[in-house]
Participant: 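I'd like to ask some things about the structure below.
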Amino acid sequence: MRARLATAALISTLDAATLFVSQVMGPFPSVVPLGDPTAYRNLYIHVPVSVATYVLFTLGFAFALAFLVRGSESAERAAHSFILAGLVAGAATLATGMVWASESWGSPWNWDPRETGVLFMFLAFTVYLAVRSSVKDPDVRPRVSMAFAAAAYSTVPLSFVVPYAMPSLHPVAPETAAFVHGGLTAILFASRTALISAEAVLLAASAGRGGIPIYVAAPVVLAALAVAALQLPPSLAGTDPRAGEFKALVVSGEAENGTLRLRVAAEGEELDLEYRGDPPIRPLTVQVGGEEVLTLRGHWILVRGRLEGGIVMAEDLRLVPYWGNPINSLIYAAVPLGLARLSREGAA
Amino acid sequence: MRALALAASAAVLLALVGYAAVASSSYVDVGELAEYRRPTAVTVRARLVDTEIEPERDLLVFVLGDDEGNAVRAVYNLTKFLGQYGAPPSHRTVDQEIVIRGVFYPAGEGEGVLGEIEIEQILQGCHRAYDAPPATGG
């Protein structure tokens, strides 16, 4: 018990640290087709939690099969725990995906084949819960519910292979891998994927064995609150350029001899902005399709400066991260919190 | 054994229903629009043949096509597009293949295109974003 608690606390602390680092300084694609590029920091939340969902449902399936073959009660309990945990992670997968898609795809729900597949998978396992609670005979209930749980697993490979088999807004693994192949991006993505799955499996496996205290999830909750405290206030800033500080969207611009000349949109109008100082993003330009592209384009920035003759002379510029990132950090924090609680109740 | 057989049967059933749900949420091709005889809400995935700007009507026109030579005009509010993307269509903002959601109005005989789609939303895949080098900031 003590070793399990120490392991859970260690994983939770590492999870919290990587959550904070990924959301505050995690790399994102420098040029994106639509929306705020910092929305792609959801790569470090949405994708790992979706991997954890698949892992949990796969373990639930394995234990359900073990029960159907050997009739072991412990296998039935384990299958139920992993499926419940998978539903918690699955709900977070759907919610974080919608928050991200609303910015990067143009709409929170698109009936994209992968979206539909994951929703169908989530509903199939939700029906498992209904089946389990509707059968009152304690001798029949385990067999019927485990049979349905094993059957529901057919929706897992279906939802996974969809982007490979038909057109989808979701990228396939090699496309994502092209971005996360090195440096801090790879470290954060790989560590978060491993940590979230390990944490979820450990918490689900602890049910019926004393569980894990809820306070183990505290580091993740604190990290999510810290991300929200840092990133939500700039998102709520006003857009009036006559104020000393305002929020604006970068429409276009160029960097020349240490001076940034930007065209920004604020309060429904477009303005020119000049800034000499440390750029708020690195690199400031990249080559795309043989053309030099300013990476600030599409970003919201917090401008401190004054309006002079129709031009904003900026003294300070800061990136305003996508508002959905702190929201998704908070949604994600509910996963270890919920799993710890379920493990204490012995139900997970 | 009976429970395993029940599981296998239910698995096949769920997989079939799931496949039907997923397949029905996929996107229609330009050629399939020829089957529509009345205005219909559609989500279309198509090759971008051309783009035109009609400033007097504040419209951005996408000409979408397929390999069989079918074509459809898809129109979007220009001001709205510029607000969302910051610039007219280019390789940075629009792929050679795009997915749009809107209402399709079939054309009459001999108009050269299958009809016109009033775009409600341009849905973007994120595939191309991952080709770009990483940036940091904020």
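Every chain is numbered from 1 and lettered A, B, ... according to where its sequence line falls, protein lines coming before strand lines.
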Participant: Would you mind checking which part of A:Phe120 comes under 4.5 Å of any heavy atom in chain B, side chain (CB onward), backbone (N, CA, C, O), both or neither?
Facilitator: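 The side chain, not the backbone.
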
Participant: Please classify the contact between A:Thr38 and chain B as side chain, backbone, both or neither, with a heavy-atom cut-off of under 4.5 Å.
Facilitator: neither

Participant: Parallel under 30°, tilted from 30 to 60°, perpendicular over 60°: which one fits the rings of A:His170 and A:Trp105?
Facilitator: perpendicular

Participant: Which atoms of A:Leu249 come close to chain B, meaning under 4.5 Å heavy atom to heavy atom: side chain ones, backbone ones, both, or neither?
Facilitator: side chain

Participant: For chain A, which residues of residues 4-17 of chain B have at least one non-hydrogen atom nearer than 4.5 Å to it?
Facilitator: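 Those residues of residues 4-17 of chain B which have a heavy atom under 4.5 Å from chain A are B:Leu4, B:Leu6, B:Ala7, B:Ala10, B:Ala11, B:Leu14, B:Ala15, B:Val17.
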
Participant: Checking A:Met166 against chain B: side chain, backbone, both or neither under 4.5 Å from a heavy atom?
Facilitator: side chain

Participant: Would you mind telling me which of B:Ala23, B:Gly137, B:Ala3, B:Ala21 has the largest number of heavy-atom pairs within less than 4.5 Å of chain A?
Facilitator: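 Highest number of heavy-atom pairs under 4.5 Å: B:Gly137.
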
Participant: Which heavy atom of A:Pro27 sits nearest a heavy atom of B:Pro134, and at what distance?
Facilitator: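 That would be CB-CB, 3.8 Å.
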
Participant: Ignoring hydrogens, what is the shortest heavy-atom contact between A:Gly71 and A:Arg143? Give both atom names and the distance.
Facilitator: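 For A:Gly71 versus A:Arg143, the nearest heavy atoms are CA-NH2, 4.3 Å.
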
Participant: Quick check on the 6.0 Å ring-centre criterion: do A:Trp100 and A:Tyr40 meet it?
Facilitator: yes

Participant: Give, as side chain, backbone, both or neither, the part of A:Leu284 having an atom under 4.5 angstrom from any heavy atom of chain B.
Facilitator: neither

Participant: Are more than 12 heavy atoms, taken from residues, nucleotides or ligands other than A:Phe63, located less than 6.0 Å from that residue's CZ atom?
Facilitator: no

Participant: Show your working on salt bridge (charged side-chain N to carboxylate O under 4.0 Å, His left out) between A:Arg132 and A:Glu76 and close with a plain yes or no.
Facilitator: CA-CA 11 Å; A:Arg132 193 171 193 269; A:Glu76 194 260 346; 3.0 Å; yes

Participant: Of all residues at least two apart in sequence or in a different chain, which pass the side-chain contact (heavy atoms from CB on, under 4.5 Å) check with B:Arg45?
Facilitator: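 For B:Arg45, the residues satisfying side-chain contact (heavy atoms from CB on, under 4.5 Å) (neighbours in sequence not counted) are A:Pro167, B:Tyr27, B:Asp29, B:Glu97, B:Val99.
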
Participant: Grab the two heavy atoms, one from B:Ala74 and one from B:Leu64, that are nearest each other, plus how far apart they are.
Facilitator: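 Heavy atoms of B:Ala74 and B:Leu64 come nearest at CB-CD1, 4.0 Å.
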
Participant: Cation-pi check for A:Phe160 against A:Arg114: NZ or CZ below 6.0 Å from the six-membered ring centre and within 45 degrees of the axis, yes or no?
Facilitator: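 Verdict for A:Phe160: a cation-pi partner in A:Arg114.
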
Participant: Heavy-atom distance under 4.5 Å to chain B: side chain of A:Arg282, backbone, both or neither?
Facilitator: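 For A:Arg282, the contact with chain B is made by backbone and side chain together.
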
Participant: Using a distance-only test with no angle check, is there a side-chain donor-acceptor pair under 3.5 angstrom linking A:Gln23 and A:Arg41?
Facilitator: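 Checked: A:Gln23/A:Arg41 side chains show no N/O donor-acceptor pair below 3.5 Å.
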
Participant: Can you list every pair that meets side-chain hydrogen bond (donor to acceptor under 3.5 Å, both in side chains) and has a residue in residues 145-165 of chain A, with sequence neighbours left out?
Facilitator: A:Tyr54-A:Ser159, A:Thr58-A:Tyr153

Participant: With a 4.5 angstrom heavy-atom cut-off, could you sort out which part of B:Arg2 is near chain A: side chain, backbone, both or neither?
Facilitator: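 The answer is neither part of B:Arg2.
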
Participant: Measure distances from A:Ala265 to the heavy atoms of chain B and classify the residue's part below 4.5 Å as side chain, backbone, both or neither.
Facilitator: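 No part of A:Ala265 comes within 4.5 Å of chain B.
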
Participant: Quick check on A:Pro113 against chain B: is it the side chain, the backbone, both or neither that has a heavy atom closer than 4.5 Å?
Facilitator: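 Both backbone and side chain of A:Pro113 come within 4.5 Å of chain B.
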
Participant: For chain B, find which of A:Ile301, A:Thr176, A:Asp112 contributes the most heavy-atom pairs closer than 4.5 angstrom.
Facilitator: A:Asp112

Participant: Heavy-atom distance under 4.5 Å to chain B: side chain of A:Leu43, backbone, both or neither?
Facilitator: side chain

Participant: Tell me which pairs pass side-chain hydrogen bond (donor to acceptor under 3.5 Å, both in side chains) where either residue lies in residues 64-79 of chain B, with sequence neighbours left out.
Facilitator: B:Asp58-B:Asn77, B:Asp58-B:Thr79, B:Asp66-B:Asn70, B:Arg73-B:Glu116, B:Tyr76-B:Gln84

Participant: Could you tell me which of A:Leu68, A:Leu319, A:Leu302 has the largest number of non-hydrogen atom pairs under 4.5 Å with chain B?
Facilitator: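 It is A:Leu319.
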
